[in-house]
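Here the structure comes first, spelled out in structure tokens, and everything after it is commentary.
Below, chain A is the first sequence line, B the second, and so on; all start at residue 1.
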There are 2 protein chains.
Amino acid sequence: MVTIDDVAKRAGVAPSTVSYALSGKRPISGETRERIEKAIADLGYRQHASARALASQRTDVIGLMAPLRVGVDVNVIMQFVAGVVAGANASGYDVLLVTQEDGVLDRVVGSSMVDAVVVMDVEAADPRIPQLSALGRPTVLIGLPAEPQGLSCIDLDFARAGALAARHLTGLGHRSIALLGSPAEVMERHTSYAERMNRGFTDACEGAGAQHLVIPTNPSVSGAEEAVERLLAELPDVTALVVHNEVALPHVISALRARGRSVPEDLSLVALCPENTALAQVPPVTSIDLPAETIGRAAIDMLTAIIDEGAPGEVRLIAPQVVERGTTRAPRSAG
Amino acid sequence: MVTIDDVAKRAGVAPSTVSYALSGKRPISGETRERIEKAIADLGYRQHASARALASQRTDVIGLMAPLRVGVDVNVIMQFVAGVVAGANASGYDVLLVTQEDGVLDRVVGSSMVDAVVVMDVEAADPRIPQLSALGRPTVLIGLPAEPQGLSCIDLDFARAGALAARHLTGLGHRSIALLGSPAEVMERHTSYAERMNRGFTDACEGAGAQHLVIPTNPSVSGAEEAVERLLAELPDVTALVVHNEVALPHVISALRARGRSVPEDLSLVALCPENTALAQVPPVTSIDLPAETIGRAAIDMLTAIIDEGAPGEVRLIAPQVVERGTTRAPRSAG
DNA sequence: ACGCTTAGTCGAAGCGCTTCGAGGGCTAGC
DNA sequence: GCTAGCCCTCGAAGCGCTTCGACTAAGCGT
């Protein structure tokens with residue numbers, strides 16, 4: 001292995017000079033710098049990451065905790081991951097991706113493997129939050145716990161998204177609306193986004209005086225069938241639907257069709273999902289985009305602001321927007 | 001920060017003894033071990049990862065190179081990623097996920113950030129392969145280049161998959177079959193899996209004396225439409241279809257339906273895609289599974305075999321299997 | 001001509017850990 | 001009773017890098 005000493009020797013300078021040339025933390029004359037650069041190229045020198053990390057107390061690695069829990073769609077999680085990684089790489093960081101649950105935080109953060117952490121799938125009262133506060137590393141949560149305890153958070157504004165979906169439909173004249181939402185397990189964990197979505201939806205329906213119903217939906221063909229059964233049983237004159245469940249979405253549409261309710265003729269539908277999921281439906285559905293890539297990149301921006309400028313904890317919620325793709329219209333009776 | 005010296009002091013032993021107690025590389029008496037463990041617990045000691053890596057020359061981190069190239073489906077890539085991470089965590093490794101392209105290999109491997117590498121989206125003559133050979137770190141490729149140069153490879157046997165799909169259809173009596181495959185960009189890069197798939201498909205069709213056609217398909221609604229147009233123009237009496245394109249799949253089905261060819265009544269269809277994609281179609285389609293999770297875990301197994309036992313390079317191809325879900329049947333004329 | 005600053009470089013002291021060789025204290029063998 | 005051998009532990013020497021203080025030479029104003 002070629003070390004900084006080898007480079008120094010070949011360039012005829014001290015190792016510290018090479019280090020300063022590399023980091024730019026002290027001025028180096030042009031001539032010396034050139035000799036050093038040549039030596040580096042000749043020798044094929046590469047800094048040893050661990051040695052640098054040990055001496056400088058920074059690894060330039062960001063930890064990304066993305067638990068793959070039952071009930072959350074891997075594809076959705078992974079879209080966030082892709083966004084975070086892209087953002088991190090663009091900012092000169094690498095990403096250590098961890099999907100386990102248990103002692104990971106302690107291990108990865110406690111052992112100084114990472115300079116900072118991004119945490120996903122946050123529950124309302126997430127046990128990791130006090131831990132993270134205690135650890136004292138720069139942290140950004142993707143999600144919004146009840147008590148952020150000074151940690152930065154970023155997420156889609158699910159409360160507004162739920163409300164927006166509801167109002168989009170009541171605005172068209174619908175008076176009987178259901179939300180087919182996250183699976184029961186996710187609700188039972190008090191997963192932040194699911195609770196906020198439901199509350200936003202429910203409040204807006206009540207504000208508009210519309211009948212409403214929330215049905216937890218399992219992410220499977222049968223889950224979609226069951227949800228549709230229950231929907232038609234409990235709210236037979238339903239005219240509009242919000243679906244917040246990527247996996248169930250296509251099967252909800254087909255289950256409805258199989259029962260003689262087609263979208264959008266008989267039933268309006270707006271989904272909350274990543275854009276590509278909305279576009280993958282037949283027909284593509286009107287949706288509120290879950291901008292995973294954007295959120296991932298924003299999380300990194302917030303993190304670098306904390307690392308570099310000691311920025312304080314901040315909560316940033318992305319405003320939801322409806323993208324019309326033709327699956328919502330006024331109800332029959334009102335049209 | 002509490003160091004190994006603090007622990008040693010509190011336990012009344014030498015730092016090296018603590019180190020040996022931790023690593024188990026030398027025997028430690030039960031009594032001493034207990035004192036050390038108590039001291040660790042009392043102090044909340046955590047090993048410093050970089051220090052350990054520097055001294056021991058291993059990081060227990062695996063690098064995962066997953067370039068997010070145009071034309072490859074993020075979701076599919078990310079399913080592999082999830083499998084690799086799960087496997088790695090289970091084997092005591094963490095994963096550094098990199099999606100950039102350029103100098104990454106050099107940077108990440110050259111700087112000793114990782115003990116080993118998993119490389120995805122391998123092209124037939126991938127420029128990274130000589131690099132990887134030269135770097136000399138344990139490596140597993142997910143994919144199969146023309147010249148593995150001693151590197152280990154794992155992948156679905158796409159040649160057999162293409163052949164299997166074709167024979168499944170010819171076996172049912174189909175004599176005019178098309179493959180809607182990877183986008184043109186992917187083919188132009190000579191991406192390994194796409195080429196193998198096409199060749200397997202083509203050879204099997206010729207072997208069975210069936211008319212065949214391969215249509216590169218863009219992963220979008222319009223791409224699917226164009227492919228279907230071209231299909232019906234160039235092979236008007238087509239009776240069966242293989243689709244190897246996750247994104248286009250639903251739109252291919254609906255484009256066919258819109259042109260009066262429904263699946264499976266008029267046209268049999270078998271897809272090559274992850275199971276969840278097959279299940280997400282309406283109706284769920286007969287498919288050859290792309291077992292991303294399995295392959296990811298197997299990649300880690302092969303890697304640990306190389307790391308721990310110095311296992312030699314090995315090429316492992318997973319046998320494809322058709323899972324019947326009702327979208328293939330005998331053609332009309334033959335039925 | 002004088003001290004002052006500034007630019008450019010050096011040497012040495014760590015960062016926290018692992019590992020090697022050595023050595024003390026025992027038991028066992030004869 | 002002495003030594004061979006084993007078990008357990010210690011101390012010291014790094015791993016490759018950063019960073020601090022110090023030093024030299026040159027440039028500046030007065």
Ranking B/Ser50 and B/Arg26 by the position along DNA chain C of their nearest nucleotide, the one closer to 5' is B/Ser50

For B/Leu54, report the nucleic acid contact type (base, sugar-phosphate, nothing); a contact means any heavy atom under 4.0 Å. base

Along DNA chain D (nearest heavy atom to each residue), the more 5'-positioned of B/Pro15 and A/Thr3: B/Pro15

Report the residues that fulfil ring-ring contact (aromatic ring centres under 6.0 Å, His included) with A/Phe158, sequence neighbours left out, ordered by chain and then residue number. A/Tyr193, A/His244

Quick one: does A/Met78's side chain get under 4.5 Å of B/Asn75's, heavy atoms only? no

Test item: A/Ile142 and A/Val118 side chains (from C-beta on) under 4.5 Å apart, heavy atoms: yes

If each of B/Val13 and B/Gln57 is mapped to the nucleotide of DNA chain D with the nearest heavy atom, which maps nearer the 5' terminus, i.e. the 5' end? B/Val13

Angle between terminal axes - the helix from C/dA1-D/dT30 to C/dC30-D/dG1, 5 pairs each end, rounded to 10°: 40°

Assess the residue pair A/Val119 and A/Leu132 against the criterion (side chain to side chain contact (heavy atoms under 4.5 Å, CB included)); give the C-alpha distance rounded to whole Å, side-chain angles, the decisive distance to 0.1 Å, and a yes or no. CA-CA 10 Å; A/Val119 176; A/Leu132 285 161; 3.7 Å; yes

Is it the case that over 12 heavy atoms from other parts of the model lie below 6.0 angstrom from the CD atom of B/Gln149? yes

Min side-chain heavy-atom separation B/Thr304-B/Ile300 under 4.5 Å: yes

Outermost nucleotides of DNA chain D that come under 4.0 Å of a non-hydrogen atom of chain A: D/dG16 to D/dA22

How many Å lie between NZ on A/Lys25 and P on C/dT9, as a whole number? 18 Å

Nearest-angstrom distance from the residue atom CD of A/Glu34 to C1' of C/dG8: 15 Å

Tell me what B/Gly30 touches on the nucleic acid: a base, only sugar-phosphate, or nothing, going by heavy atoms under 4.0 Å. nothing

Please work out if A/Ser16 contacts a base, only the sugar-phosphate, or nothing of the nucleic acid, heavy-atom cut-off 4.0 Å. base

Do B/Leu151 and B/Ser133 have side chains that approach each other closer than 4.5 Å (heavy atoms only, starting at C-beta)? yes

Is the shortest side-chain heavy-atom distance between B/Met302 and B/Arg316 below 4.5 Å? yes

Need one value for B/Ser19: base, sugar-phosphate or nothing, where a base atom within 4.0 Å counts as base even if backbone is also close, heavy atoms only. base

Using side chain to side chain donor-acceptor pair (under 3.5 Å), reason through B/Arg196 and B/Ser192 one step at a time and then give a plain yes or no. CA-CA 6 Å; B/Arg196 289 180 282 141; B/Ser192 154; 2.9 Å; yes

